[in-house]
Amino acid sequence: MAAPDTACATLTIDLDAIAANYRLLRDRLVPAACAAVVKADGYGLGAEAIAARLIGEGCRDFFVAQFEEAVSLRRSFNRSGLDAAIYVLNGLADGAERDYAESGITPVLNRLDEIDRWAAYGRTQQKELPAILHVDTGMSRLGLTPGEIPAALDPADRMQGIDLRYVMSHLACAGEPLHPMNEEQRRLFSEILQRFGGVPGSLANSSGIFLGPQFHFSMARPGAALYGMEPLESDSKQMQQVVNLQGKILQCRFIDTGQAVGYGATHRVQRPSRIATVGAGYADGIFRSLESRACGYIGDIRVPMVGRVSMDLVTFDVTDVPESECRPGCSIELIGPHRSIDDVAADAGTIGYEILTALGRRYRRNFSGDTTWKFT
Ligand SMILES: *Cc1c(COP(=O)(O)O)cnc(C)c1O
């Protein structure tokens, strides 16, 4: 007997769409390489399966934020006999040199003392250990300041023990192609890069790739666009949708004109209405700020979200939907072909990145597309 379907909502992540998005970015970047940013568990979608699939597409460079993320990705690669570089954006914690080296994890060096510790450890191993050097060209967040570059290069043997794979920086305004910061950062980065001789450079995130070839350098680091977010604020849809979230209707009821829905009784219906309750709420990443702005879809029919979002529940006005399509057990599309991540983000007053990384852990999750590389 089949197991009963107890899931309140199902999140499907389309690996074929991620692969197609990767190929689109990669083809645009030639001859530069295309890395993949899989920090925060692949923006909440599952770093292991995504990285494995992208290795199948030829990706050999993966960025995470934290060492622990890198370790679990390295373990999953080892289990499956895969290999690729894993870089930790947040740097090299004091005393962690040996852990990085022995796990085959490459730090992005953000400070002079990180350079010194990594170089010193390399010398004790009589090896050159791989690293990326991060220079700050305008984010004022991580990386050496331009003023620290001379100290990094002089004395010349300061980096002895390091195999410097890339010098990288990060754009602050890449999503706004006309912003003057883009060109300022690009120029400063080029100047700094020249001082490192022939070391390859990496500057562009997803949006940066679309600023033109002069922003590509030797490797780009897209994240968002892989996961279906549009890199440019225009109407053109370039990326394939990756996420599909279907909420299950738990109950449906008729209410009369003037009756209220949800906490605070903030929504009162203006006509006899039918209300469908779905089993997902703000604990699952359905933002409270979506109240009275968002909608879902049943088939092709738009159903407005009404009333406050509860922790585990959210309510829709399904008056316009045939009753047979909004019974308990029927699905409402919360994210999908009619509602992109960017649409949901706009309704919630935030960015797609926040919507993705907040997607709940309680959803039944599955991957669609070619999952040959999927881990068990
Ligand atoms: C997150 C991040 C990226 C990826 O940015 P997207 O906008 O998601 O493409 C690239 N580089 C750095 C340093 C990052 O922190």
Side-chain angles (χ1 to χ4, degrees), residues 17-18 21-26 28-29 32-47 50-51 54 59 61-67 69-70 73 85-92 106-111 114 131-144 165-177 179 181-182 185-186 189 192-193 200-211 215-233 238-240 242-243 340-342 345 350-359:
I18 295 177
N21 290 337
Y22 179 78
R23 290 191 298 265
L24 184 147
L25 300 172
R26 181 193 63 191
R28 222 169 213 281
L29 280 164
C34 190
V37 180
V38 294
K39 62 195 180 191
D41 196 21
Y43 291 39
L45 301 181
I50 291 167
L54 291 180
C59 184
D61 298 279
F62 294 91
F63 285 84
V64 295
Q66 302 184 358
F67 178 68
E69 297 181 292
L73 193 57
I86 304 175
Y87 308 104
V88 176
L89 289 165
N90 284 5
L92 179 64
T106 306
V108 174
L109 303 172
N110 292 317
R111 307 188 310 241
E114 294 179 1
I132 292 181
L133 180 65
H134 188 180
V135 298
D136 177 27
T137 55
M139 283 289 279
S140 307
R141 217 171 52 165
L142 292 176
L144 299 190
R165 297 275 171 93
Y166 293 93
V167 174
M168 66 164 260
S169 191
H170 193 44
L171 295 166
C173 308
E176 301 165 60
H179 201 294
M181 274 286 277
N182 293 320
Q185 287 192 271
R186 189 196 67 77
F189 182 62
I192 292 171
L193 196 57
S202 174
L203 179 63
N205 65 340
S206 299
S207 307
I209 294 170
F210 294 85
L211 295 176
F215 284 82
H216 293 173
F217 294 91
S218 297
M219 180 171 72
R221 309 181 308 271
L226 294 173
Y227 309 119
M229 282 181 266
E230 288 301 328
L232 300 175
E233 290 174 17
Q238 317 204 47
M239 312 316 299
Q240 290 194 18
V242 167
V243 175
S340 71
I341 294 287
D342 292 316
T350 181
I351 53 174
Y353 301 71
E354 197 180 15
I355 301 293
L356 278 188
T357 53
L359 286 171

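Every number for a ligand or one of its atoms is a count from 1 in the order of the listing.
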Any idea which atoms of ligand 1 are less than 4.0 Å away from a heavy-atom of [X]?
X    : result
K39  : 1 (C), 2 (C), 3 (C), 14 (C), 15 (O)
V37  : 3 (C), 4 (C), 10 (C)
M168 : 13 (C)
A224 : 6 (P), 8 (O), 9 (O)
P222 : 9 (O)

Without placing hydrogens or testing angles, list every side-chain donor-acceptor pair under 3.5 Å for residues 350-357, not counting sequence neighbours.
from	atom 1	to	atom 2	distance (Å)
T350	OG1	E354	OE1	2.3
T357	OG1	Y353	O	2.8

Inset, instruction - Spell out, as yes or no, whether a donor-acceptor pair under 3.5 Å connects the side chain of Q238 to the backbone of E230. - result: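 No; zero donor-acceptor contacts below 3.5 Å.
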I need the [X] [atom1] to [Y] [atom2] distance, nearest 0.5 Å.
X    : Y    : atom1 : atom2 : answer
H179 : L211 : NE2   : CG    : 12.0 Å
N21  : Q240 : CG    : CD    : 5.5 Å
F62  : T106 : CZ    : OG1   : 13.0 Å

Legend entry - Y43 to ligand 1, any heavy atom closer than 4.0 Å: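 Yes, Y43 has a heavy atom closer than 4.0 Å to ligand 1.
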Inset, instruction - State if Y353 counts as touching ligand 1 under the rule of any non-hydrogen atom under 4.0 Å. - result: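 Judged by the 4.0 Å heavy-atom criterion, Y353 does count as contacting ligand 1.
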Report the nearest protein non-hydrogen atom to [atom]: residue, atom name, distance rounded to 0.1 Å.
atom                    : value
atom 5 (O) of ligand 1  : N205 CB, 3.4 Å
atom 11 (N) of ligand 1 : R221 NE, 3.0 Å
atom 9 (O) of ligand 1  : S206 OG, 2.5 Å

Inset, instruction - Select one of side chain, backbone, both or neither to describe which atoms of H170 lie under 4.0 Å from any atom of ligand 1, heavy atoms only. - result: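 For H170, the contact with ligand 1 is made by the side chain alone.
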Inset, instruction - Check whether the side chains of R221 and H170 place a donor and an acceptor atom closer than 3.5 Å, and report yes or no. - result: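 Yes, because at least one side-chain N or O of R221 sits under 3.5 Å from a partner of the opposite role on H170.
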Legend entry - Between F189 and F217, ring centroids under 6.0 Å: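 Ring centroids of F189 and F217 are less than 6.0 Å from each other.
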Inset, instruction - Could you tell me how the ring of Y166 sits relative to the ring of Y87: parallel (under 30°), tilted (30 to 60°) or perpendicular (over 60°)? - result: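 Perpendicular, since the angle between the ring planes exceeds 60°.
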Legend entry - S207, any N or O under 3.5 Å of ligand 1 N or O: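 Such a contact does not occur with ligand 1.
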